[in-house]
*Asks:* 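Mind having a look at this structure? Questions to follow.
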Amino acid sequence: GGKMKKPDIFWSDTDGSIPNYPKPKRSVGTDGEIRKGQKMKAISLKQPWAWLMVNGYKMPEFRNRRDSFRGECYVHASKQMDKTAFDWIAMHIPFPYIKEFMTNRLPPLGMFNVGKIIGKFTVMDCLPVALAREKYPNDIWLKMAGDSLGKYAFITESPISLPPHEQFEIKGKVSPLFWDVPSLPL
């Protein structure tokens, strides 16, 4: 049996329905792992993209440059929101997908949390977008993304959205792409 089972975290477009994402396992002491002296990495994403990723609605992150980082990293919601994002989503993403995270066409309040770590995911790979499209033909974001979003797709899995009391404010960075989260005071 050399066939690998496809991960079930990607959009299904066969019947227009979205797979039931397994509920993310709660992290044990979110900042505990930082306090032990291990350096955790983070990536800064503008909202609503950050929320969509940690809640399992968007798998790829598009960038114009590659990065060799692989592994678990925090998702930092930048202070600045992407004001064009909602229009882009409305124009490019079919409504059956959108209605899964919009209520009465309104985005969830969590999409407006900024300037803090709101969750994490695991970076599995970094592929040229064309190759990522071949490898994950059912992913709606890869399918709809023009090359304007970036030349490379970071493939992520195991998204975890932190509950509000576990989120923490921190100053983000644009460069490097994956930056060290400074140790938190005990």
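Predicted model only: the values in this text are computed from it and were never measured.
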*Asks:* For a quick test of reading the model, state the closest non-hydrogen atom pair linking V54 to P159 and the distance between them.
*Replies:* O-CB, 3.5 Å
*Asks:* Applying ring-ring contact (aromatic ring centres under 6.0 Å, His included), name anything that partners F69, two or more places apart in sequence or on another chain.
*Replies:* F178
*Asks:* Would you call M124 and R70 a side-chain contact if the rule is heavy atoms closer than 4.5 Å?
*Replies:* no
*Asks:* If every non-hydrogen atom of M144 is compared with every non-hydrogen atom of P94, which pair is closest and at what distance?
*Replies:* CE-CD, 4.5 Å
*Asks:* Taking the six-membered ring for Trp, are F154 and F121 ring centroids under 6.0 Å apart?
*Replies:* no
*Asks:* Got a second to check how far S161's OG is from N55's CG, nearest 0.5 Å?
*Replies:* 4.0 Å
*Asks:* Give, for atom NE2 of H92 and atom CG of D87, the distance between the pair rounded to the nearest 0.5 Å.
*Replies:* 10.5 Å
*Asks:* Are L162 and V75 side-chain neighbours, meaning at least one heavy-atom pair lies under 4.5 Å?
*Replies:* no
*Asks:* Is any side-chain heavy atom of V174 closer than 4.5 Å to a side-chain heavy atom of S44?
*Replies:* no
*Asks:* Walk me through whether K151 and R65 qualify under side chain to side chain contact (heavy atoms under 4.5 Å, CB included).
*Replies:* CA-CA 7 Å; K151 295 183 185 113; R65 60 183 197 267; over 6 Å; no
*Asks:* Would you say that D82 contacts Q47 through its side chain, given a criterion of any heavy-atom pair below 4.5 Å between the two side chains?
*Replies:* no
*Asks:* Where is the tightest heavy-atom contact between A153 and V129, given as atom of each residue plus distance?
*Replies:* N-CG2, 4.1 Å
*Asks:* First locate atom CG of L45, then atom CD of E61, and finally report the distance between them rounded to the nearest 0.5 Å.
*Replies:* 4.5 Å
*Asks:* Pair F168, K116 - check side chain to side chain contact (heavy atoms under 4.5 Å, CB included), show working.
*Replies:* CA-CA 5 Å; F168 52 97; K116 55 174 71 169; 5.9 Å; no
*Asks:* Does the separation of the ring centres of H76 and W179 fall below 6.0 angstrom?
*Replies:* yes
*Asks:* Locate the shortest heavy-atom distance separating W141 from Y57; write the atom from each residue and the value.
*Replies:* NE1-O, 2.8 Å
*Asks:* Do you reckon Y152 sits in the same ILVMFWY cluster as M53, going by side-chain contacts under 4.5 Å, direct or chained?
*Replies:* no
*Asks:* Compare all side-chain heavy atoms of R133 with those of D139 and state whether any distance is below 4.5 angstrom.
*Replies:* no
*Asks:* Are K41 and D180 packed together at the side-chain level, in the sense that at least one heavy-atom pair is separated by less than 4.5 angstrom?
*Replies:* yes
*Asks:* Please report the interatomic distance CZ(F95) to CD1(I89), rounded to the nearest 0.5 Å.
*Replies:* 12.5 Å
*Asks:* Would you name the heavy atoms of W51 and I118 that are closest together and state the gap between them?
*Replies:* N-CD1, 3.9 Å
*Asks:* What's the spacing between M59 CE and I155 CD1 if we round to 0.5 Å?
*Replies:* 4.0 Å
*Asks:* Check whether any side-chain heavy atom of T122 sits under 4.5 Å from a side-chain heavy atom of T156, and report yes or no.
*Replies:* no
*Asks:* Within the structure provided, determine whether M81 and F112 are in side-chain contact (heavy-atom separation under 4.5 Å).
*Replies:* yes
*Asks:* Using the test side chain to side chain contact (heavy atoms under 4.5 Å, CB included), find all partners of A90 that sit at least two apart in sequence or belong to another chain.
*Replies:* none
*Asks:* Is there a chain of hydrophobic side chains (I, L, V, M, F, W, Y, each step under 4.5 Å between heavy atoms) that links F101 to W49?
*Replies:* yes
*Asks:* So, for A42 and I117, which heavy atoms are closest and what is the spacing to 0.1 Å?
*Replies:* CB-CD1, 4.2 Å
*Asks:* Between the side chain of K58 and the main-chain N/O of P60, is any donor-acceptor distance below 3.5 Å?
*Replies:* yes
*Asks:* Checking R63 against L149 for the side chain to side chain contact (heavy atoms under 4.5 Å, CB included) test, could you report, in this order, the C-alpha distance in whole Å, the side-chain angles of both residues, the deciding distance, and whether it holds?
*Replies:* CA-CA 7 Å; R63 294 292 161 126; L149 291 186; over 6 Å; no
*Asks:* Which distance, rounded to the nearest 0.5 Å, do you find between the CG of N113 and the CD of E169?
*Replies:* 9.5 Å
